[in-house]
Number of protein chains: 2
Amino acid sequence: MKSKTLSNIAFRRHDHRRCQQFLLAEADQHCHSLNLRLTSRRRQVLEILLGSHQPMGAYDILAELNRVDRAERIAPPIVYRALDFLLQQGLIHRIESRNAFISCVQPGHQCAAQFLICRDCEQVAELETHEQELLAEADSLGFAVDHSIIEITGVCAQCQKDG
Amino acid sequence: MKSKTLSNIAFRRHDHRRCQQFLLAEADQHCHSLNLRLTSRRRQVLEILLGSHQPMGAYDILAELNRVDRAERIAPPIVYRALDFLLQQGLIHRIESRNAFISCVQPGHQCAAQFLICRDCEQVAELETHEQELLAEADSLGFAVDHSIIEITGVCAQCQKDG
DNA sequence: TTCATAATGTTATATTATAACGTAACCAAA
DNA sequence: TTTGGTTACGTTATAATATAACATTATGAA
Ligand SMILES: [Zn+2]
Ligand SMILES: [Zn+2]
Ligand SMILES: [Zn+2]
Ligand SMILES: [Zn+2]
């Protein structure tokens, strides 16, 4: 079960330096192969998110940008645009219930991203299981499920006819 | 399959007047049996949400309150507090990806609430199936799934030990 | 070069949510 | 029926998140 090896990475000890470099290289390759530009801004935002397996708010990222580059005064739209690009490419995910963003631990995965979010320590683990396996996996991690949200967005039958 | 009859109510024709009255009566009974107060403000907010099976933003609800009661000028905290109460009682749900609130079509249900959200017409259908049945049900509704989010909040093993 | 496009930068503002503190309603015990 | 504790409500101000609108710069092909 390949996914298992990556699934709980946020809760495991691992060589995060390597993890980071691997994911960054994957991102480079992904964009290159699709002839998309992982510009320095976009890469910079991705690197910030790859700094940990924790979610960050857009304004946290903004603050980090402004901390590093003392000269410039970056404004919100710059961050949101980079985040939009990275989201579209599946390189990061948005945690809806937290208004936060997190680097994907398995870019290119097909399943819907699934997260275990600790309301206490705020850690987030990305799982890569099928839905029916989810609760079992949460249980096997000793994670006490509190509240789960499933949101499926798409186009309803009516709109498919209309559109 | 009891849930099936209610699940896609937003996409079905039904006698919504009765639906509304039924759900309001359920809410009354729920609160009464738990010795909780479904005050007039809370009831008023619930009634507004029961006006349709569509999600509404907190500020939409606020506007509706201020439209009805021309005299007073209601402020956001009043709405958010009523929403918090209704959420806690499971009488409404929060659609995280929309920052919106929707009346629950089956208060007292045990499963996690699950939604189909149309990005086109913005309709939201609440399902009441097990996870593994979800995609099949979406498919049977002719709903083209686009993006699904599963967010499980709880307490991780570490925090359970610490706390 | 020249043009078209994509990406970035800038300013202002919209949208969503909460902090902090005061008042009123409710209810049980004295 | 007062008293005091609690819960809910009201009010003001502000925090946190996100986008609109428009100007500028970089990129790459014709
Ligand atoms: Zn790592
Ligand atoms: Zn992922
Ligand atoms: Zn109805
Ligand atoms: Zn529900």
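All heavy atoms count here, side chains included; hydrogens, waters and symmetry mates do not. Below, chain A is the first sequence line, B the second, and so on; all start at residue 1.
Here the C1' atom of nucleotide C:dT15 and the CZ atom of B:Phe101 are 13 Å apart, to the nearest Å. Atom-to-atom, CG of B:Leu62 to C1' of C:dT16 comes out at 11 Å; the value is rounded to the nearest Å. Protein atom CG of B:Asn35 is 17 Å distant from nucleotide atom P of D:dT6, rounded to whole Å.
Residues passing the side-chain hydrogen bond (donor to acceptor under 3.5 Å, both in side chains) test with B:Arg67, sequence neighbours excluded: B:Glu64.
Residue B:Arg42 places at least one side-chain N or O under 4.0 Å from the OP1 or OP2 atom of D:dA8. For C:dT8, the OP1/OP2 oxygens have a side-chain nitrogen or oxygen of A:Thr39 closer than 4.0 Å. Side-chain nitrogen and oxygen atoms of A:Arg73 include none within less than 4.0 Å of the OP1 or OP2 phosphate oxygen of C:dG9.
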Check the pair A:His30, A:His32 against ring-ring contact (aromatic ring centres under 6.0 Å, His included), reporting the backbone distance first and the verdict last. CA-CA 6 Å; A:His30 169 90; A:His32 185 259; over 10 Å; no

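Of the candidate nucleotides D:dT12, C:dG9, D:dG10, D:dG10 has the atom lying nearest to any side-chain atom of B:Ile78.
Using a distance-only test at 3.5 Å, with no hydrogens or angles considered, a donor-acceptor pair links the side chain of A:His16 to the main chain of A:Leu50.
Using a 4.5 Å heavy-atom threshold, the side chains of A:Cys31 and A:Arg42 count as separate.
In A:Gln29, the CD atom is not crowded: 12 or fewer heavy atoms of neighbouring residues, nucleotides or ligands sit closer than 6.0 Å.
For the residue pair B:Glu47 and B:Leu24, the shortest heavy atom distance occurs at CG-CD2, 3.7 Å.
Both B:Leu36 and B:Ala75 lie close to DNA chain D; mapped to their nearest nucleotides by heavy-atom distance, the more 5′-ward contact belongs to B:Leu36.
Using cut-offs of 30° and 60° on the angle between ring planes, the pair B:Tyr80 and B:Phe101 is perpendicular.
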Contact string for nucleotides 22-30 of chain D, one letter per nucleotide 5' to 3', B = base within protein heavy-atom range under 4.0 Å, S = sugar-phosphate only, - = neither, reads -----S---

Between the protein and nucleotides 13-17 of chain D, list every N/O to N/O distance that falls short of 3.5 Å.
none

